[in-house]
Each structure stands twice: as structure tokens, then as C-alpha cells.
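Both counts, for ligands and for their atoms, begin at 1 and track the order of listing.
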Amino acid sequence: MKNILEKYDLVVGLEIHVQLNTESKLFASDKNSFGDAPNSNVSPITLAHPGTLPKPNKSVISHAIKMGLAINCDIASYTTFDRKNYFYPDLPKGYQTTQDQHPICRGGYVDVKSGDSIKRIEFNRIHIEEDAGKSSHDAEHEGSLLDYNRAGTPLIEMVTEPVISSAEEAGNLLTEIRKIVRYINVGDGNMEQGSLRCDANISLKLKGSEQLGKRVEIKNMNSIRNVQRAINHEIERQSALLDEGKTVLQETRGFNDETGETTGQRTKEEANDYRYFPCPDLLPIQVSDEWIAEVKSALPKLPNEVLADLQKNFELSAYDAEIIADQKELSDYFYATAQQTKQYKRIANWMIGPIKSALNESNTEIQDFVVKPNLLAELIELVASDKVSFSMASTRLLPALIQSPNQTAFETAQKMELLQSDDQEELIQSIKEVIESMPDKAAAYKNGKKGLLGLFVGEVMKKSRGKANPKTANKLIAEFLEK
Ligand code: ADP
Ligand code: MG
């Protein structure tokens with residue numbers, strides 16, 4: 001692979017389909033939902049019966065504008081729908097309504113990690129289109145089964161320029177797009193369920209050449225890993241052809257999950273002629289500045305902005321910030337906790353450590369976690385003020401609060417006798433006892449084996465059942481041993 005990329009540049013452009021989570025379909029009031037009984041959300045409009053007229057769903061357009069703003073596109077003030085004509089059983093209308101001439105968004109970019117640096121991936125456009133139905137061919141039934149629930153559900157297609165130059169960049173771009181989709185809540189971004197899908201256009205060119213090579217298009221991959229596998233397989237396949245002086249056939253190929261290979265499906269000669277034309281049933285749409293401003297004002301802070309904010313204004317490390325910025329729900333929880341305590345680093349530590357484990361164990365999402373930000377803040381303050389040790393707080397107090405989150409952290413700690421005592425009398429008493437019980441070790445310490453201090457501290461802590469303040473204990477024990 002490395003040798004190949006010394007000779008050739010990889011060029012990839014992605015077409016990313018995002019299913020939108022609006023209540024109803026793109027041009028009909030049918031429910032837009034996944035997993036309902038087959039053919040239960042299908043009206044005559046969806047089937048384009050004679051005499052029916054489609055009507056654009058305003059929230060679909062708002063969602064598309066939202067995505068456009070999130071990736072820095074120009075939003076069109078005038079946008080139209082076109083028909084893309086082809087026949088397939090899952091397309092009851094005989095054409096797909098999409099946008100060809102005047103898409104809702106032009107341009108735009110997303111910054112992604114590439115090796116040790118950041119690369120700006122430019123987009124060509126975002127357009128709105130409707131999804132097709134779903135056909136299934138299984139052994140149990142004769143013929144094919146058709147479910148039109150998905151027909152007419154809203155999608156946006158995000159098309160990059162041919163500027164992606166590694167499988168890593170492609171993967172990072174998809175990860176970032178999925179993150180943004182979820183942050184701004186225009187879809188669920190679930191690739192396994194097909195609500196985020198990707199076609200990859202892949203070509204090679206001689207290193208440094210201006211001229212792009214012939215590309216293949218790999219259709220409909222349903223995981224980021226498969227997109228990367230397909231790219232890597234194409235690097236091998238296309239370079240072998242080019243090395244032999246052959247040309248790469250411009251064609252559509254499918255990816256086989258089991259073999260990790262791509263196989264030819266249709267070539268340019270057999271390619272469809274879609275005969276695009278403006279949809280006569282749908283009027284052009286004027287997008288006012290007020291509409292764009294309204295969508296913009298509802299846009300939350302984006303993942304990259306959160307990432308920068310957490311490092312700059314909350315002093316988190318890049319590592320911690322990345323974990324917390326990964327999901328909007330996590331960063332919301334962080335910000336809400338940070339309103340209550342300024343111990344930002346501790347909030348991150350708790351979220352990445354004990355809270356994450358607790359969530360994993362109970363298979364819960366942070367937004368459903370019973371220990372709410374105010375309670376975590378209280379817990380953190382107890383530890384920061386040395387009232388409870390971190391180890392007691394994380395291993396005993398947190399589980400207790402998960403059981404009964406309606407109590408305050410302080411009350412619970414008190415009830416469970418987890419409050420560290422600064423009762424010097426008691427502490428001094430146990431220190432004396434511990435030192436007396438180990439006279440040899442005490443003598444050895446005096447003769448220079450200072451490493452034994454930890455042993456004494458451990459014993460004293462054990463005696464206090466973890467309640468002694470370790471800092472005070474350390475200091476006092478050292479003093480006593482020196483005597
Ligand atoms: P078409 O109209 O034939 O679908 P587009 O210009 O819309 O072609 O491009 C579709 C996708 O293919 C875009 O993501 C674009 O970046 C990508 N693409 C175009 N040319 C190449 C190439 N030579 N190699 C890799 N990707 C390419
Ligand atoms: Mg295209």
C-alpha cells in the first residue's frame with residue numbers, strides 16, 4: 001500500500017445521504033418513521049396516483065438549511081425540485097423527486113483530522129431528495145416483497161469535492177458528519193439502520209498530476225469501516241490495472257462485506273439516462289433571509305466549537321475534550337455541571353471514569369443518568385474540600401446515589417460514615433497504635449528506609465476505615481516516626 005501511494009495519489013469524493021427526522025414525509029403527511037408495519041405509512045401522494053399533488057414539507061427545508069449552515073454552505077435564496085426518471089419496483093412514481101439545477105446549499109466545508117494535521121474538506125452542494133421504498137428478496141417468499149413506508153421520506157445528499165486523499169480522511173469526515181447530524185438533531189445518523197449511507201467515488205492519478213483519473217463509484221455502504229475497506233481495496237485493484245498500462249473502467253461497483261472486495265455492477269454504457277427536468281408539480285421556493293436567520297438562531301454550538309471551547313475556557317486536555325465533545329448529550333451534561341462547580345478537570349475525570357463505567361454497566365445513556373449535574377457537582381465539591389476521599393466517593397458514594405438520587409451527597413456520605421474525619425485525637429491515637437505494633441519497621445524508617453512511610457499510612461487508613469484524611473495522616477505519621 002505504501003509503495004503504491006508513492007507512485008499514485010488517491011482521490012475520493014463522497015456522496016453522503018442523511019435521512020431526516022421530520023414528523024412526516026417530504027411531500028405528503030404520511031408518518032416518517034422507521035420500523036412500522038410494512039406499507040402502513042403510504043398515501044396516494046406517496047404513490048403518485050393520478051390527480052394527487054405533492055406539497056413540500058417546510059421542516060425538511062429548514063433541516064437542510066440547518067445542515068448547510070453547520071458546514072458553512074451558501075444557502076440558496078431560490079431553490080427548485082427536479083424529476084430524476086428511472087424505473088425500479090421500489091420507486092412507485094417512476095421518478096425520484098430531487099434537486100438538480102438549484103439545490104438548497106452550495107459550497108461549504110468540514111475540517112477533519114488527517115495524520116497530525118487538520119484538513120479542510122470542501123463540499124460541492126447539499127440537495128434535498130426523497131428516498132425510495134424497500135424491496136426484500138428472501139428465500140421464504142416467492143418473488144420480491146415491497147414495503148413503501150420509506151418511499152417519499154426526506155433525505156439530504158451531501159456531495160464533497162474530489163479532495164479526500166486517504167481512507168483515514170474519509171472515515172474522519174463521516175464520523176464528523178454523523179456527529180454534526182446528531183448535534184443539530186436533523187437525523188439519528190444510524191448507519192446500520194441506513195439512516196446515514198455513503199457512496200464513494202474513487203480514483204487514482206499519477207503522483208502530483210493535475211489530471212484526475214477515471215473513477216469508480218461504490219454504492220450504498222452501511223458502515224464507516226466498510227467505506228475505508230472499499231477505498232483500500234480500490235487502491236490495490238486500480239493501481240494493479242494502471243501498472244499494467246490498462247485503464248480503469250468508469251463504472252458503478254458494489255462492496256462485498258464478506259470478501260472485502262468490490263465487484264462491477266454497471267458501466268457507463270449501461271448507465272441510466274435520468275432525463276432530469278424541473279418537476280411541474282412543485283413551484284420554486286424562495287428562501288428568505290429571515291427564514292435562514294431563524295434556523296441559524298436555533299443552531300447549537302457545533303462539535304468543533306465545543307471541542308475548542310472545552311480546551312480554551314475550561315482548561316481540559318485535548319484528550320478529555322475530545323471524549324466530552326463527542327456527543328452533544330455529554331457536553332450538555334458537562335456544561336450543566338460546570339455551572340455548579342469550577343472543578344472542571346474533576347468533572348471530566350468523573351465523566352470519563354466512574355460515570356462512564358456506571359453508564360456502561362447499566363446500559364444507560366448520559367441523558368437518562370439519575371445522578372444529575374447538580375448532584376455530581378456536589379459530589380465533586382465534597383472530594384475537592386477533602387470531606388470524602390475520591391476513592392470512597394467513586395466506589396461507595398456514587399453507587400449509593402445511583403440507588404437513591406433524591407438525597408444530597410453530603411447526607412448520604414454522612415449516613416454511610418464516609419466523611420473523612422479531621423478528628424486529630426482519634427487519628428493520633430491510631431497512628432501511635434500502628435507505630436507501636438510495628439517497632440522493627442519504625443526503627444528501619446528512622447535508619448533511613450523512608451519508603452516505609454506508605455506502609456504506615458496504609459495501616460492507619462485501614463484502621464480509620466478510609467475516613468482519615470490521607471494528607472493529614474501522611475503529615476502526622478512522618479512527624480511521629482521522626483520522634
Ligand atoms: P456526477 O454528476 O457524474 O454524479 P459529480 O460531479 O456530481 O458527478 O460527482 C459525484 C462525486 O464524484 C462527487 O463526490 C465528486 O467529488 C466525485 N468525483 C468526481 N470526479 C472524481 C474523480 N475523478 N475521482 C474521485 N471522485 C470524483
Ligand atoms: Mg452526482
Checklist line | Residue part near ligand 1, for Asn124, under 4.0 Å between non-hydrogen atoms | finding: neither
Check: How does Val11 reach ligand 1, by side chain, by backbone, by both or by neither, if only non-hydrogen atoms under 4.0 Å count?
Finding: both
Would you say [X] and ligand 1 have an N/O pair spaced under 3.5 Å apart?
X	answer
Arg215	yes
Gly213	yes
Pro162	yes

Next item on the list: Identify, by atom number and element, the atoms of ligand 1 in contact range of Glu161, meaning under 4.0 Å from any of its heavy atoms.
Entry: 16 (O)
Item checked: Pick from Asn201, Val159, Thr160: the one approaching atom 15 (C) of ligand 1 most closely through a non-hydrogen atom -> Thr160
Item checked: Heavy-atom pair of closest approach, residues Lys342 and Glu381 -> N-OE2, 4.5 Å
Checklist line | Residues which pass side-chain contact (heavy atoms from CB on, under 4.5 Å) with Thr395, listed by chain and number, not counting sequence neighbours | finding: none
Report yes or no: is the cationic atom of [X] (NZ for Lys, CZ for Arg) closer than 6.0 Å to the six-membered ring centre of [Y], at no more than 45° off its axis?
X	Y	answer
Lys301	Tyr335	yes
Lys84	Tyr274	yes
Arg83	Phe277	no

Notebook entry, point to check: Looking at Trp350 versus Phe334, is the centre-to-centre ring distance below 6.0 Å?
Noted result: no
